[in-house]
J.: 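My questions all concern the structure below.
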Amino acid sequence: MALRVYDTRSREKRKLSTLDDGKVRMYVCGITPYSPSHLGHARCYLAFDMVHRWLEASGYDVDYVQNFTDIDDKILDISDSEGVEYSVVANRNIDDYLEVMDAMNVLRADHYPRVTDTIPEIIDMVSTLVDKGHAYVGDDGVYFEIDTAPEKFGQLTGQTLEMVRAGAGGRVEDTGSGKRDHRDFALWKRVKPSEPSWDSPWGAGRPGWHIECSAMSLKHFGEQFDIHGGGHDLRFPHHEAEIFQSECCTGSEPVVGYWMHNGFVNVNGEKMSKSLGNFRTIRDAFEHHAPLALRYALLSVPYRNPIDLTPEFLGDAAIHYDRLVEAYGTSLSSDTESNSDLSGASDRFTAAMDDDFNTRAAIIEVQKVVASSIGSDVAIWLEEHAGNILGLLPSSDEVRSGLAQIDSARAEVAERVESLLVEREAARKSSDWGRADEIRDELVSMGVVVEDGQDGPTWHLA
RNA sequence: GCACGGGUGGCAGAGCAGCUAUGCAAUGGACUGCAGAUCCAUGGACCCGGGUGCAAAUCCCGGCCCGUGCUCCA
């Protein structure tokens, strides 16, 4: 039994083997905070939160770094139009991000470095690349020269230099004017005096898009680390650019042991994007779905597969989530054991998670336990597996206080309900269905649902 | 065009050589004044064509179709 992780670079699941035994250094590309977080972000950071939790549950000491790209063209566009500092826009959206992630039980990373706090390290890295001949200074910035390390090209996407040359077509002219080759990419962009900028040996400017991740991972982890995560779309060019920058700077390779990429979110079968008008923020989704029900939905498909968030899919997840919480609550207040085979469920759960974090298969084990048993041992099992590992449960205190609230709400109406039910049973006995249904309607209007069973009626709050 | 990932029952979605996936929906039954809930049971699938195996959704070859990427993107 060993954890196997799919690595985009080698295109296979490999047994996890880390640089230091028992320790995992994990870097995940964070957000560019130019807008409120959307469902694609939810999928990505929920996936890596799950990875984080499973690694720790498996006994690893995890050092988890996730950056904020807090200076960028889109942030500047927004701050210009609002007439505020770029940091106002960035901080507002970072706060939004952390809030919605907290609501979905995402554990905090150990470090959230920002580009604007990493400028000296970025400048050092660019300087080294220039000194080593991997980068050159053009008239509008500093560029990495792909032809100095062509063997590193295509490690994550399988593309060759020729393919990208052919495929880029008309877009070539739009990219930096100082490039010698369109496949080269910017390390440092010289900017207009009116824009926020930092001094550098190449003039005032700001970092290119890819360099911050290389600089931050080098700063926090050193020359090599174990897991690098991010969205599927970042494989090229962003992550391939990181390989160039990091490995050419330090000379150590591979910079990353396992490249992990999560699949995309579709909405009703279409890729979620602003141009299609089906772009949804996490906050909007909270209007219709409990944060943890949303988490349930997003974890119920293996992280590498695309996921289509249709109303039916989200509705199913909400049903399962409610059942899970109910079973947990009932089990919490039980003082007898279920006598069911929980160790078999544990084994299958572990095997599923060890197989490249197959949360779908793991959740099925949770569903089976939820469906089949109630007991104090079930409460403990659910708390560990559905709660601590998958992060799908509110805390036991929250569940208990939720139950207590329901109890007190029940107690408030209990007397009235019981007397109405007595009256209704009398009506039913004399086959006065009109009167019986009238009383049931009255109870419904009080928010009480009546269910007739073999041993007489039972009721609960809607 | 090139690269990568896919095509599984009504729907969603695992499995990736042999053993009921699962959930929702459906059907039959129990219960039932009606409703609801619950319980039991049942049917139903692996894109097409070849190949290798005792055995193929699962491996190989060839098609067809879909998604994503190819310098905004998690």
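Letters go in sequence order (proteins before strands), and every chain restarts at 1. As the structure is a prediction and not an experimental result, all values here were calculated from the model. Values below: all heavy atoms of this structure, side chains included; hydrogens, waters and symmetry mates excluded.
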J.: Need one value for A/D437: base, sugar-phosphate or nothing, where a base atom within 4.0 Å counts as base even if backbone is also close, heavy atoms only.
T.: base
J.: Within this structure, what is the NE2-to-C1' distance between A/H238 and B/C70, rounded to whole angstrom?
T.: 17 Å
J.: In whole Å, measure the gap between the P atoms of B/G15 and B/A25 for me.
T.: 24 Å
J.: Is the shortest distance from a Lys or Arg side-chain nitrogen in A/E287 or A/R280 to a carboxylate oxygen in the other one below 4.0 Å?
T.: no
J.: Measuring only the P atom in each nucleotide, how far is B/G10 from B/G43? A whole number of Å is fine.
T.: 15 Å
J.: Paired with B/G23 by Watson-Crick or G-U wobble geometry, both distances under 3.5 Å: which nucleotide is it?
T.: B/C11
J.: Kindly state which residues belonging to residues 417-436 of chain A come within less than 4.0 angstrom of RNA chain B, counting heavy atoms of the residue only, listed by number.
T.: A/R424, A/R428, A/W433
J.: Once you round it to whole Å, what is the distance between P of B/C73 and CZ of A/F236?
T.: 12 Å
J.: If we call it a pair only when both distances are under 3.5 Å in a Watson-Crick or G-U wobble match, what pairs with B/A74?
T.: none
J.: Evaluate the ring planes of A/Y97 and A/Y45, with Trp represented by its six-membered ring, and classify them as parallel (under 30°), tilted (30 to 60°) or perpendicular (over 60°).
T.: perpendicular
J.: Quick one: do A/R180 and A/D147 make a salt bridge, cutoff under 4.0 Å?
T.: no
J.: Contact class for A/V449 vs. all strands (heavy atom < 4.0 Å): base, sugar-phosphate, or nothing?
T.: nothing
J.: Report yes or no: is there a donor-acceptor pair, N or O only, under 3.5 Å between the side chain of A/D452 and the base of B/G36?
T.: no
J.: To the nearest Å, give me how far apart NE2 (A/H232) and C1' (B/G5) are.
T.: 6 Å
J.: Would you kindly check if the NZ (Lys) or CZ (Arg) of A/R440 is within the cone defined by 45 degrees around the ring axis of A/W459 and under 6.0 Å from the six-membered ring centre?
T.: no
J.: Just name whichever nucleotide pairs with B/G28, Watson-Crick or G-U, keeping both distances under 3.5 Å, else none.
T.: B/C40
J.: Specify the separation, in whole Å, of atom CG of A/L156 and atom P of B/G5.
T.: 12 Å
J.: Write down the distance separating the P atoms in B/A12 and B/G67, rounded off to the nearest Å.
T.: 15 Å
J.: Quote, to the nearest angstrom, the P distance that separates B/U42 from B/U8.
T.: 26 Å
J.: Can you see which heavy atom on A/C248 is nearest to which on A/A149, and at what distance?
T.: SG-CB, 3.8 Å
J.: Anything under 30° is parallel, anything over 60° is perpendicular, the rest tilted; go ahead and classify A/H238 against A/H210.
T.: tilted
J.: Watson-Crick or G-U wobble partner for B/C34, using a 3.5 Å limit on both distances?
T.: none
J.: Strictly by Watson-Crick or wobble contacts shorter than 3.5 Å, is anything paired with B/G53, and which nucleotide is it?
T.: none
J.: Over 60° means perpendicular and under 30° means parallel, so tell me whether A/H239 and A/W259 are parallel, tilted or perpendicular.
T.: tilted
J.: If we call it a pair only when both distances are under 3.5 Å in a Watson-Crick or G-U wobble match, what pairs with B/G67?
T.: B/C4
J.: What nucleic acid atoms does A/D77 come within less than 4.0 Å of, heavy atoms only: base, sugar-phosphate, or nothing?
T.: nothing
J.: Just by protein heavy atoms under 4.0 Å, how would nucleotides 11-23 of chain B read 5' to 3' in B, S and -?
T.: -BSSS-----BBB
J.: A/F264 stacking on B/A74: centroids under 5.5 Å, ring planes under 30°?
T.: yes
J.: What's the base orientation of B/G53: syn (chi within 90° of 0) or anti?
T.: syn
J.: Can A/K152 be said to sit on top of A/F244's aromatic six-ring, NZ or CZ under 6.0 Å from centre and within 45° of the ring axis?
T.: no
J.: Between B/A74 atom P and A/L298 atom CG, what is the distance in whole Å?
T.: 16 Å
J.: Separation of A/Y97 atom OH from B/A74 atom P, in whole Å?
T.: 11 Å
J.: In this structure, how many angstroms lie between the P atom of B/U68 and the OH atom of A/Y303, rounded?
T.: 21 Å
J.: Indicate, yes or no, whether a donor-acceptor pair under 3.5 Å links the base of B/C34 to the side chain of A/R440.
T.: yes
J.: Can B/A57 be described as syn, meaning its chi torsion is within 90° of 0, or is it anti?
T.: syn
J.: Exactly one of A/V417, A/V449, A/V448 should register a side chain to side chain contact (heavy atoms under 4.5 Å, CB included) with A/L461. Which one does?
T.: A/V448
J.: Scan A/G231 against the nucleic acid and name what it touches under 4.0 Å (heavy atoms): base, sugar-phosphate only, or nothing.
T.: sugar-phosphate
J.: B/A17 pairs with which nucleotide, Watson-Crick or G-U wobble, both distances below 3.5 Å?
T.: none
J.: Specify the closest pair of heavy atoms between A/P36 and A/N93, including all atoms of both residues, with the distance to one decimal.
T.: N-OD1, 3.3 Å
J.: Between P on B/G33 and CD on A/E451, what's the gap in Å once rounded to a whole number?
T.: 16 Å
J.: Determine, stepwise, if the pair A/E438 / A/R424 fulfils salt bridge (charged side-chain N to carboxylate O under 4.0 Å, His left out).
T.: CA-CA 9 Å; A/E438 210 175 283; A/R424 178 163 175 273; over 6 Å; no
J.: Step by step, work out the salt bridge (charged side-chain N to carboxylate O under 4.0 Å, His left out) result for A/R206 and A/D73.
T.: CA-CA 10 Å; A/R206 52 194 165 81; A/D73 290 344; 2.9 Å; yes
